[in-house]
There are 2 protein chains.
Amino acid sequence: MTLSIGQVAERTGLSVHTLRFYEREGLLANPVRRAAGGRRLYTEDDVGWLGVCIRLRSSGMPLPVIREYTELVRQGPGNEKERLDLLKRHREHVLEQLAELNACLEVIEHKVGIYEGRLPDC
Amino acid sequence: MTLSIGQVAERTGLSVHTLRFYEREGLLANPVRRAAGGRRLYTEDDVGWLGVCIRLRSSGMPLPVIREYTELVRQGPGNEKERLDLLKRHREHVLEQLAELNACLEVIEHKVGIYEGRLPDC
DNA sequence: GCTTGATCTAGAGTCGACTCTAACTCCTAG
DNA sequence: CTAGGAGTTAGAGTCGACTCTAGATCAAGC
């Protein structure tokens with residue numbers, strides 16, 4: 001079973017523009033198949049991979065780094081160490097973001113506390 | 001005691017360019033004082049406020065919204081409800097980001113687990 | 001007085017990540 | 001057989017947030 005670009009857009013929440021853009025940027029693990037006539041045919045696997053990309057993006061991984069990771073995957077077995085390194089580096093980055101966000105949350109909670117009159121103003 | 005733009009840059013981690021840019025964008029609660037000769041003189045209060053701005057920014061608040069909040073603060077007492085609304089809206093946004101980041105972290109941990117051989121590949 | 005380094009302004013440039021346009025093709029329903 | 005909607009490409013445009021440049025001024029040490 002294959003999906004059109006419009007169906008994939010609906011499923012992933014990405015626009016068709018963005019899907020084509022991501023493809024041009026080399027973010028897809030396997031080249032997207034084409035129907036006679038040149039239209040893209042996506043598989044469920046493609047959608048799954050896009051899901052991973054979306055997660056990596058939304059956690060702040062730049063497109064070039066996602067491409068790098070994609071290329072490692074595309075090359076097949078033999079570079080697991082590099083993939084692991086890349087993921088671990090990103091994990092650190094995510095943990096830093098979580099810490100920073102929590103610090104921000106504290107600032108906000110504090111101010112909300114003040115404005116709700118639960119805390120003395122400073 | 002006052003600080004030069006360079007000293008504030010050092011303390012906040014923002015560049016002097018960014019400090020001037022933020023001022024132009026209306027992100028400072030009080031207008032920055034000037035020395036004879038036109039140089040900026042920052043107070044500790046200014047640095048404190050910049051710290052808040054940095055936190056709001058790093059948690060994804062767009063500059064125009066920070067300006068909006070700044071303007072409410074600048075107007076003085078009487079608009080606490082609006083400030084509170086704005087902060088609460090942002091708090092929701094931060095909580096969503098935390099949830100999303102945690103979801104990303106799970107994906108990453110899962111993949112790391114696979115590459116470390118602790119999990120069966122899928 | 002002279003040099004050096006920080007600061008000033010106005011405005012231009014950059015960068016990442018989309019987002020859209022134009023001009024065309026293709027498929028389906030009526 | 002034709003009208004409309006979805007798809008195609010190459011390339012241009014936008015947007016947010018900086019980041020830098022040019023050319024001038026200022027303050028401190030020699």
Side-chain angles (χ1 to χ4, degrees), chain A residues 1-28 31-43 46-47 50-70 90 93 97 100-101 104, chain B residues 1-28 31-43 46-47 50-70 90 93 97 100-101 104:
Chain A
M1 188 43 197
T2 61
L3 300 162
S4 72
I5 196 168
Q7 291 170 316
V8 174
E10 204 168 323
R11 267 180 222 214
T12 59
L14 299 171
S15 72
V16 295
H17 295 300
T18 302
L19 283 169
R20 289 193 276 249
F21 171 66
Y22 276 9
E23 186 179 341
R24 256 187 285 172
E25 292 291 299
L27 263 51
L28 280 113
V32 184
R33 287 172 44 221
R34 301 302 175 111
R39 304 189 163 199
R40 290 169 178 82
L41 294 176
Y42 293 83
T43 64
D46 292 331
V47 175
L50 280 167
V52 173
C53 291
I54 290 169
R55 234 78 217 233
L56 293 175
R57 259 306 295 134
S58 77
S59 54
M61 187 181 283
L63 296 188
V65 179
I66 302 181
R67 173 164 53 219
E68 201 182 318
Y69 180 60
T70 303
H90 186 56
H93 181 207
Q97 286 182 79
E100 175 66 18
L101 268 189
C104 300
Chain B
M1 187 43 197
T2 61
L3 300 163
S4 72
I5 195 169
Q7 291 171 317
V8 174
E10 204 167 323
R11 267 179 221 213
T12 59
L14 299 171
S15 71
V16 294
H17 295 299
T18 302
L19 283 169
R20 290 193 276 248
F21 171 66
Y22 276 10
E23 186 179 341
R24 255 187 286 171
E25 292 292 299
L27 262 52
L28 280 112
V32 184
R33 287 172 42 222
R34 301 301 175 112
R39 304 190 162 198
R40 290 169 179 81
L41 294 176
Y42 293 84
T43 64
D46 292 330
V47 176
L50 279 167
V52 173
C53 291
I54 289 169
R55 235 77 217 233
L56 293 175
R57 259 307 294 133
S58 77
S59 54
M61 186 181 283
L63 295 187
V65 179
I66 302 180
R67 172 164 53 218
E68 200 183 318
Y69 180 60
T70 303
H90 187 56
H93 182 207
Q97 285 181 80
E100 174 66 18
L101 267 189
C104 300

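Computed from heavy atoms alone, side chains included, the values below leave out hydrogens, waters and symmetry copies. Chain A is the first sequence line, chain B the second, and so forth, proteins listed ahead of strands; every chain is numbered from 1.
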Could you go over nucleotides 2-6 of chain C and give all protein N or O partners under 3.5 Å, atom names and distances?
| residue | atom | partner | partner atom | Å |
| --- | --- | --- | --- | --- |
| C:dA6 | N3 | B:Arg39 | NH2 | 2.9 |

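- Atom CZ of B:Phe21 and atom P of C:dC15 are 17 Å apart (whole Å).
- In this structure, the separation between CG on B:Leu19 and CG on B:Leu50 is 6.0 Å, given to the nearest 0.5 Å.
- Comparing B:Pro64 and A:Gln7 along DNA chain D, the residue whose closest nucleotide (by nearest heavy atom) sits nearer the 5' end is A:Gln7.
- OP1 or OP2 of C:dT9 has at least one side-chain nitrogen or oxygen of B:Arg34 nearer than 4.0 Å.
- One finds a side-chain N or O of B:Arg57 lying less than 4.0 angstrom from the OP1 or OP2 phosphate oxygen of D:dC18.
- Per the geometry, CD belonging to B:Glu25 stands 16 Å off C1' belonging to C:dT9, to the nearest Å.
- In this structure, A:Met61 atom CE and C:dA17 atom P are separated by 12 Å, rounded to whole Å.
- In this entry the distance linking CG of A:Leu14 with P of C:dA17 reads 14 Å, nearest Å.
- Taking atom CG of residue A:Leu19 and atom C1' of nucleotide D:dA6, one finds them 14 Å apart after rounding to whole Å.
- Of the inter-residue distances, the one linking A:Ser4 atom OG with A:Arg40 atom CZ reads 11.5 Å to the nearest 0.5 angstrom.
- Comparing A:Gly38 and A:Arg20 along DNA chain C, the residue whose closest nucleotide (by nearest heavy atom) sits nearer the 5' end is A:Arg20.
- Dashed line: the shortest gap from a side-chain N or O of A:Arg40 to OP1 or OP2 of C:dC26 is not under 4.0 Å.
- In this structure, the side-chain hydrogen bond (donor to acceptor under 3.5 Å, both in side chains) partners of A:Ser58, at least two apart in sequence or on a different chain, are B:Glu100.
- Distances shorter than 4.0 Å separate none of the side-chain N or O atoms of B:Tyr22 from OP1 or OP2 on D:dA17.
- Residues satisfying the salt bridge (Lys or Arg N to Asp or Glu O under 4.0 Å) test with B:Arg20, not counting sequence neighbours, are none.
- A:His17 has its NE2 atom 13 Å from the C1' atom of D:dG11, to the nearest Å.
- The local environment of CD in A:Glu10 is sparse, with at most 12 non-hydrogen atoms from other residues, nucleotides or ligands closer than 6.0 Å.
- Separating the CD atom of A:Glu68 from the C1' atom of C:dG16 is a distance of 17 Å, rounded to the nearest angstrom.
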Report task. Please report the C-alpha distance between A:Glu25 and A:Arg57 in whole Å, then the side-chain angles of each, then the deciding distance to 0.1 Å, and finally whether the salt bridge (charged side-chain N to carboxylate O under 4.0 Å, His left out) criterion is met. Result -> CA-CA 13 Å; A:Glu25 292 291 299; A:Arg57 259 306 295 134; over 6 Å; no
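- Taking atom CZ of A:Arg24 as the reference point, atom P of D:dT8 lies 12 Å away to the nearest angstrom.
- Note on A:Ala36: only backbone sugar-phosphate atoms sit closer than 4.0 angstrom, heavy atoms only; bases stay farther off.
- In summary, A:Glu23 and A:Arg67 do not engage in a salt bridge, as defined by a charged side-chain N under 4.0 Å from a carboxylate O.
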